[in-house]
Amino acid sequence: MLEISNVRAGYGVINVLWDISMSIPQGRLTTIIGPNGAGKTTLLRAIMGLIPLAQGSVAFNGLSLSATPTWGMLGQGVAMIPEGRMIFKDMSIEENLMLGAFPKASRAAAARNRDRSYDMFPRLRERRKQLAGTLSGGEAQMLAMARGLMSDPKLLLIDEPSLGLAPVIVNELFDILQRLKAEQRTIVLVEQNTHKAVGIADQVYLMRSGKVVMSQAAAEFDVSQLHERYFFSN
């Protein structure tokens with residue numbers, strides 16, 4: 001479904017990604033792990049067109065995304081839930097959700113997708129008229145995830161959903177990810193909680209210093225060797 005081929009990208013004269021290639025199959029959950037500074041978030045930004053490619057290509061369902069601006073990605077069926085949530089704090093929960101259905105192709109199903117989001121995140125229904133800026137960190141992350149689902153994307157990119165959250169909230173979020181996986185959604189998950197990420201994934205990519213240093217089926221991944229894989233593997 002998503003093919004990343006020999007991608008190089010970065011910020012100005014600073015290159016971060018070095019010849020990254022990945023194949024993301026339809027209906028599977030692929031997790032990207034690695035130490036801080038490995039280039040994981042940069043890769044998601046490159047896929048979304050937030051930073052330009054210096055080399056290589058990104059194709060979705062066989063079509064290049066190089067000419068698609070970031071604001072056109074939802075129309076292509078690609079949505080990203082960014083690190084740091086990035087909700088609109090001075091707008092209500094429901095207003096934030098409806099922004100996720102802004103593309104014309106998503107508007108007809110907006111009410112249905114909103115109700116489905118409320119079913120998945122019942123706390124949001126209880127607080128739907130509340131300003132998003134009054135939510136706790138965990139509730140804000142739930143809102144960011146629900147907003148990302150409002151366009152019913154074919155491909156969902158999720159960046160560090162558990163960052164800074166209490167363990168009980170992390171468990172709730174991973175229960176939601178498990179539910180989305182059971183619906184056979186195509187998900188790319190960047191996550192610093194490696195044990196949980198590998199536990200829910202079908203495929204694992206390990207990045208270090210802007211390169212892919214390992215690709216393996218999650219069922220074959222030896223979590224006990226994480227330290228060695230993070231810092232010493234070739």
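Reckoned from all heavy atoms, side chains included, excluding hydrogens, waters and symmetry mates. One is the number of the first residue; the rest follow in order along the sequence.
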Sub-4.5 Å side-chain heavy-atom contact between M80 and M73 = no

Within the side chain of S23, is there an N or O that forms a donor-acceptor pair under 3.5 Å with the backbone of E3?
-> no

E139 and R127, any side-chain heavy atoms less than 4.5 Å apart | yes

Could you check I20, T42, I33 and say which one makes a side-chain contact (heavy atoms from CB on, under 4.5 Å) with M207?
-> I20

Taking C-beta and beyond as the side chain, do L180 and I187 meet within less than 4.5 Å on heavy atoms?
-> yes

M145 versus M120: any side-chain heavy-atom pair under 4.5 Å?
-> no

Are there more than 12 heavy atoms of other residues, nucleotides or ligands under 6.0 Å from atom CG of D222?
-> yes

Just jot down the side chain to side chain contact (heavy atoms under 4.5 Å, CB included) partners of L131, sequence neighbours excluded, or say none.
-> T134

Show me, pair by pair, the donor-acceptor contacts under 3.5 angstrom made by side chains of residues 152-161, not counting sequence neighbours?
| from | atom 1 | to | atom 2 | distance (Å) |
| --- | --- | --- | --- | --- |
| D152 | OD1 | R116 | NH2 | 3.4 |
| D152 | OD1 | R185 | NH1 | 3.3 |
| D152 | OD1 | R185 | NH2 | 3.3 |
| D159 | OD1 | T41 | OG1 | 3.2 |
| D159 | OD2 | T41 | OG1 | 2.9 |
| E160 | OE1 | Q192 | N | 2.7 |

Let me see the working for E83 and L44 under side chain to side chain contact (heavy atoms under 4.5 Å, CB included), right down to the final yes or no.
-> CA-CA 10 Å; E83 180 183 355; L44 296 191; over 6 Å; no

Is the closest side-chain heavy-atom distance between D202 and T30 below 4.5 Å?
-> no

Check: T31 side chain, L189 main-chain N or O, donor-acceptor pair, under 3.5 Å | yes

Within a reach of under 6.0 Å around CG of N36, are more than 12 heavy atoms found that belong to other residues, nucleotides or ligands?
-> no

Any donor and acceptor pair, going by atom type alone, linking the side chain of Q55 with main-chain N or O of N6 inside 3.5 Å?
-> yes

Answer yes if I87 and L165 sit in the same cluster of Ile, Leu, Val, Met, Phe, Trp and Tyr residues linked by side chain heavy atoms under 4.5 Å apart, and no otherwise.
-> yes

Step through the shown structure and confirm whether more than 12 heavy atoms of other residues, nucleotides or ligands are within 6.0 Å of CD on Q184.
-> no

State whether the side chain of N113 and the backbone N or O of D115 hold a donor-acceptor pair below 3.5 Å, judged by distance alone.
-> no

Run through R128, R123, E94, R125 and flag the one making a side-chain hydrogen bond (donor to acceptor under 3.5 Å, both in side chains) with Y118.
-> E94

Do L63 and V58 belong to the same hydrophobic cluster, where Ile, Leu, Val, Met, Phe, Trp and Tyr are linked whenever their side-chain heavy atoms lie under 4.5 Å apart, directly or via other members?
-> no

Verify the cluster assignment for L53 and V188: are they in a single hydrophobic cluster under the rule of side-chain heavy atoms below 4.5 Å apart?
-> yes

Sub-3.5 Å donor-acceptor pair from the side chain of K40 to the main-chain atoms of G34, do we have one?
-> yes

Can you check whether I200 reaches E191 side chain to side chain, under 4.5 Å on heavy atoms?
-> no

Within-4.5 Å side-chain heavy-atom neighbours: M48 and V78 = yes

Would you say the side-chain atoms of K196 pair up with the backbone N or O of F174, donor to acceptor, closer than 3.5 Å?
-> no

Shared hydrophobic cluster, V168 / L163 (ILVMFWY, side-chain heavy atoms < 4.5 Å) | no

May I ask whether I81 and M1 are part of the same hydrophobic cluster, defined by side-chain heavy atoms of I, L, V, M, F, W, Y residues being less than 4.5 angstrom apart, directly or through others?
-> no

